[in-house]
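Comments concern the structure below.
Residue numbers start from 1 in every chain, and the chains themselves are labelled A, B, ... in the order their sequence lines are given, proteins ahead of strands.
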Amino acid sequence: DAKTTQPPSMDCAEGRAANLPCNHSTISGNEYVYWYRQIHSQGPQYIIHGLKNNETNEMASLIITEDRKSSTLILPHATLRDTAVYYCIVRVGGGSNYKLTFGKGTLLTVNP
Amino acid sequence: GAVVSQHPSWVICKSGTSVKIECRSLDFQATTMFWYRQFPKQSLMLMATSNEGSKATYEQGVEKDKFLINHASLTLSTLTVTSAHPEDSSFYICSARDAVNTEAFFGQGTRLTVV
């Protein structure tokens with residue numbers, strides 16, 4: 001299974017872009033990168049996912065390097081409500097073998 | 001995004017009793033549901049995966065006779081913690097996905113306290 005490495009914590013000023021890095025150097029060619037976040041005492045919230053190309057939605061952008069060994073989640077204008085633990089996950093398997101395994105994530109603190 | 005609802009949000013039970021937690025997909029058919037457990041200051045740990053109409057597949061180290069999972073319909077899965085003990089106190093979270101989309105959506109979690 002591809003493992004991910006994330007910094008344990010990061011700080012960001014409100015209104016600025018938050019760039020959260022993730023290393024997944026052992027990722028396989030057909031494995032997707034997913035990002036979820038968990039606000040204290042709530043269930044995780046889906047943010048975005050990608051395979052090879054960069055992706056953007058209303059919440060964030062996902063930049064995946066050409067060799068796919070790392071990615072960056074970008075929150076373009078962080079707000080105080082974006083303070084959460086952000087998890088970068090490599091999806092293991094497909095179909096009936098689909099599984100999301102969570103690591104320790106990055107605690108992003110957005111400061112006023 | 002799709003909505004997954006858990007019930008109850010929190011529960012307190014006596015040691016030795018059983019507790020059932022429900023997980024419902026409100027606006028999609030959940031062909032696969034997942035159950036996680038999260039202890040304080042730790043990450044989510046996958047307990048089991050269940051496909052509708054099939055027996056659940058448990059992760060290594062999770063007792064299937066203690067954590068009973070039923071996924072009898074495309075919108076409902078239940079987790080029953082049998083003969084609960086204080087060490088079973090934790091935050092239990094379910095997740096669900098349909099057969100088409102690749103993302104899974106999570107419930108709000110259930111805080112179980114065994115006294």
Side-chain angles (χ1 to χ4, degrees), chain A residues 1-9 22 28 30-53 55-60 62 64 73 84-109, chain B residues 1-7 9-10 21 23-25 28 30-60 71 90-113:
Chain A
D1 300 352
K3 298 272 191 291
T4 61
T5 303
Q6 298 178 253
S9 63
C22 179
S28 298
N30 61 348
E31 291 179 321
Y32 286 77
V33 178
Y34 282 72
W35 283 83
Y36 283 80
R37 71 179 182 184
Q38 185 179 27
I39 297 171
H40 184 61
S41 295
Q42 297 182 24
Q45 178 188 22
Y46 166 78
I47 301 174
I48 199 167
H49 74 278
L51 181 63
K52 295 180 182 178
N53 300 321
E55 302 288 343
T56 296
N57 62 20
E58 64 277 4
M59 288 184 69
L62 173 60
I64 302 174
L73 179 74
V85 178
Y86 287 76
Y87 296 99
C88 169
I89 302 166
V90 172
R91 176 163 66 88
V92 178
S96 60
N97 295 318
Y98 181 110
K99 184 186 295 188
L100 293 176
T101 302
F102 285 75
K104 296 183 178 180
T106 295
L107 172 60
L108 174 69
T109 302
Chain B
V3 179
V4 176
S5 178
Q6 273 183 250
H7 178 80
S9 296
W10 60 271
I21 302 170
C23 178
R24 294 181 185 273
S25 58
F28 67 100
T31 53
T32 308
M33 285 188 167
F34 310 87
W35 286 96
Y36 292 81
R37 181 168 55 179
Q38 185 176 32
F39 292 107
K41 297 187 185 297
Q42 294 187 21
S43 186
L44 286 77
M45 184 192 78
L46 180 64
M47 299 174 67
T49 301
S50 71
N51 294 295
E52 186 263 340
S54 302
K55 289 185 178 180
T57 301
Y58 290 81
E59 295 298 303
Q60 192 173 7
H71 188 175
S90 188
F91 192 50
Y92 291 87
I93 310 168
C94 74
S95 174
R97 63 180 288 258
D98 64 22
V100 176
N101 296 300
T102 59
E103 60 267 37
F105 296 94
F106 286 77
Q108 73 272 32
T110 297
R111 177 79 53 194
L112 170 64
T113 302

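Annotation: maximal heavy-atom pairing with chain A below 4.5 Å, among B/Met45, B/Gln108, B/Glu103, occurs at B/Glu103.
Taking both residues in full, the closest heavy atoms of A/Tyr87 and B/Gln38 are given as OH-NE2, 3.9 Å, listed atom of the first, atom of the second, then distance.
For chain A, the nearby part of B/Ile93 is the side chain; its heavy atoms alone come within less than 4.5 Å. Neither the backbone nor the side chain of B/Gln6 comes within contact range of chain A; no heavy atom of the residue lies under 4.5 Å from a heavy atom of that chain. No part of A/Gln45 comes within reach of chain B, as not one of its non-hydrogen atoms sits under 4.5 angstrom from that chain.
Put simply, the side chain of A/Tyr36 gets close to the backbone of B/Ala104: a donor and an acceptor are under 3.5 Å apart.
By the 4.5 Å heavy-atom criterion applied to side chains, A/Pro44 and B/Tyr36 are not counted as neighbours. Residues B/Ser43 and A/Gln38 form no side-chain contact, since every pair of their non-hydrogen atoms from C-beta on lies 4.5 Å or further apart.
Heavy atoms from other residues, nucleotides or ligands lying under 6.0 Å from OH of B/Tyr58 number more than 12.
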Handout entry: Derivation and outcome, ring-ring contact (aromatic ring centres under 6.0 Å, His included), residues B/Phe106 and A/Phe102
Key = CA-CA 13 Å; B/Phe106 286 77; A/Phe102 285 75; 5.7 Å; yes
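Using cut-offs of 30° and 60° on the angle between ring planes, the pair B/Phe105 and A/Tyr46 is perpendicular.
With values rounded to the nearest 0.5 angstrom, A/Leu100 atom CG is found 8.5 Å from B/Leu46 atom CG.
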